[in-house]
Amino acid sequence: MRSFWFGNYYPIYFLLSALFTSSAMIVFVTVTTYKVTGMQMSSKLQESLRFIGKMLVYLLVVALFFLYWKMVPTHYAHKKEALKLLTGDFAFNFWICEVLMTYLIPIMLIVYARFRDLNKMAVAGLLVVVGLYFGRYDFIVVGQLVPYLAYVPFDSDLGGSLTSAFASYSPSLTEITFGIGQIGFYMDRLCAGHEIPASDQR
């Protein structure tokens, strides 16, 4: 029913996004963990992370092509969702947070690091994860702003008005506090500072 969510390439695109997100998380979490704990990273692990960094670049390039494949036909078909992303209210999210932060900057950062500097690769991994959040946010929210039955007007219960062509959305206080609580929980676990036995510091 939502044409913006339909596409023959979506199964492959979601598989790709899972692969490059997991690769980015592996690099970021591993490097950060070793920095926080002060453990010495083995040369074998460093080589593995560099290999994952190379794989991340290739996956990002392919996924960027799929993003192009998604936006060009929808823009050519004058889909209102595409116009909102390319030139509308969500243009900043799309161009800066999704295109630049998720794809272009991490690719350039990892290539500039020549797949050797793990700190730069970790920063690139963090950017990919944060940028993909905005990508998923845009995908879900913008996909619902246009009514799938054009002749049905929005009323106040649906978040719009009788004269509005789009619905509106902003996070509620409950959603904001729930998100802050989740971040706080994970940061507490990350910074718990549990001592690692000497036998495990390899």
Side-chain angles (χ1 to χ4, degrees), residues 7-71 85 92-140 178-202:
N8 297 327
Y9 55 85
Y10 269 126
I12 302 175
Y13 173 74
F14 283 123
L15 177 61
L16 276 173
S17 63
L19 290 173
F20 72 69
T21 305
S22 59
S23 300
M25 282 295 294
I26 288 172
V27 175
F28 171 70
V29 172
T30 304
V31 174
T32 303
T33 300
Y34 273 82
K35 289 290 184 182
V36 171
T37 59
M39 298 172 61
Q40 184 67 32
M41 190 180 299
S42 65
S43 58
K44 186 175 182 179
L45 179 57
Q46 292 180 31
E47 289 301 320
S48 299
L49 291 177
R50 293 183 181 112
F51 174 78
I52 294 174
K54 293 179 182 178
M55 185 173 66
L56 175 59
V57 169
Y58 297 139
L59 291 171
L60 287 176
V61 170
V62 176
L64 186 60
F65 167 75
F66 275 90
L67 181 64
Y68 171 83
W69 188 2
K70 178 181 76 173
M71 295 309 301
L85 285 174
F92 180 85
N93 280 14
F94 178 75
W95 291 111
I96 304 300
C97 300
E98 188 172 356
V99 175
L100 280 179
M101 188 180 296
T102 308
Y103 299 102
L104 298 182
I105 295 178
I107 290 172
M108 292 186 293
L109 194 59
I110 296 176
V111 172
Y112 176 75
R114 298 181 181 275
F115 308 101
R116 307 297 299 176
D117 192 334
L118 294 179
N119 293 326
K120 290 185 175 65
M121 292 171 58
V123 172
L126 177 62
L127 290 176
V128 169
V129 174
V130 174
L132 191 65
Y133 164 80
F134 287 97
R136 290 294 181 265
Y137 178 90
D138 293 342
F139 179 78
I140 293 171
F178 182 75
I180 294 174
Q182 284 184 315
I183 294 173
F185 173 78
Y186 291 120
M187 291 302 295
D188 177 68
R189 294 295 89 201
L190 180 64
C191 303
H194 298 298
E195 293 187 1
I196 301 175
S199 59
D200 294 338
Q201 296 184 11
R202 300 175 182 174

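- Listed by first then second residue, pairs satisfying side chain to side chain donor-acceptor pair (under 3.5 Å) with a partner in residues 104-113 number zero, not counting sequence neighbours.
- Screening residues 95-106 for side chain to side chain donor-acceptor pair (under 3.5 Å) gives Y13-Y103 as the qualifying pairs, with residues at least two apart or on separate chains.
- Residues passing the ring-ring contact (aromatic ring centres under 6.0 Å, His included) test with Y9, sequence neighbours excluded: W69.
- In terms of the salt bridge (charged side-chain N to carboxylate O under 4.0 Å, His left out) criterion, K70 has no residue partners (sequence neighbours excluded).
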Output side-chain donor-acceptor pairs under 3.5 Å for residues 127-137, partner residues at least two apart or in another chain, one line each.
from	atom 1	to	atom 2	distance (Å)
R136	NH2	S17	OG	2.7

ask   = Would L59 and V62 count as a side chain to side chain contact (heavy atoms under 4.5 Å, CB included) if you check the C-alpha gap in whole Å, the side-chain angles of each, and the deciding distance to 0.1 Å?
value = CA-CA 5 Å; L59 291 171; V62 176; 5.9 Å; no
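- V31 places a side-chain heavy atom less than 4.5 Å from the side chain of N119.
- Inter-residue side-chain proximity for L60 and P106 is flagged as met; some heavy-atom pair is nearer than 4.5 Å.
- T33 is linked by a side-chain contact (heavy atoms from CB on, under 4.5 Å) to V29, T37, counting only residues two or more places apart in sequence or in another chain.
- Between K44 and E47, none of the side-chain N atoms (NZ, or NE/NH1/NH2) sits under 4.0 Å from a carboxylate O, so this pair counts as no salt bridge.
- Within the 4.5 Å cutoff, side-chain heavy atoms of M41 are placed close to those of L118.
- Not counting sequence neighbours, Q182 has no partner by the side chain to side chain donor-acceptor pair (under 3.5 Å) test.
- Partners of F185 according to the side-chain contact (heavy atoms from CB on, under 4.5 Å) rule, which considers only residues two or more places apart in sequence or in another chain, are R189.
- Shortest non-hydrogen contact noted between R116 and M121 is N-SD, 4.4 Å.
- With sequence neighbours left out, the side-chain contact (heavy atoms from CB on, under 4.5 Å) criterion links S22 to no other residue.
- Checked against side-chain contact (heavy atoms from CB on, under 4.5 Å), L109 has the following partners two or more places apart in sequence or in another chain: K120, V123, A124.
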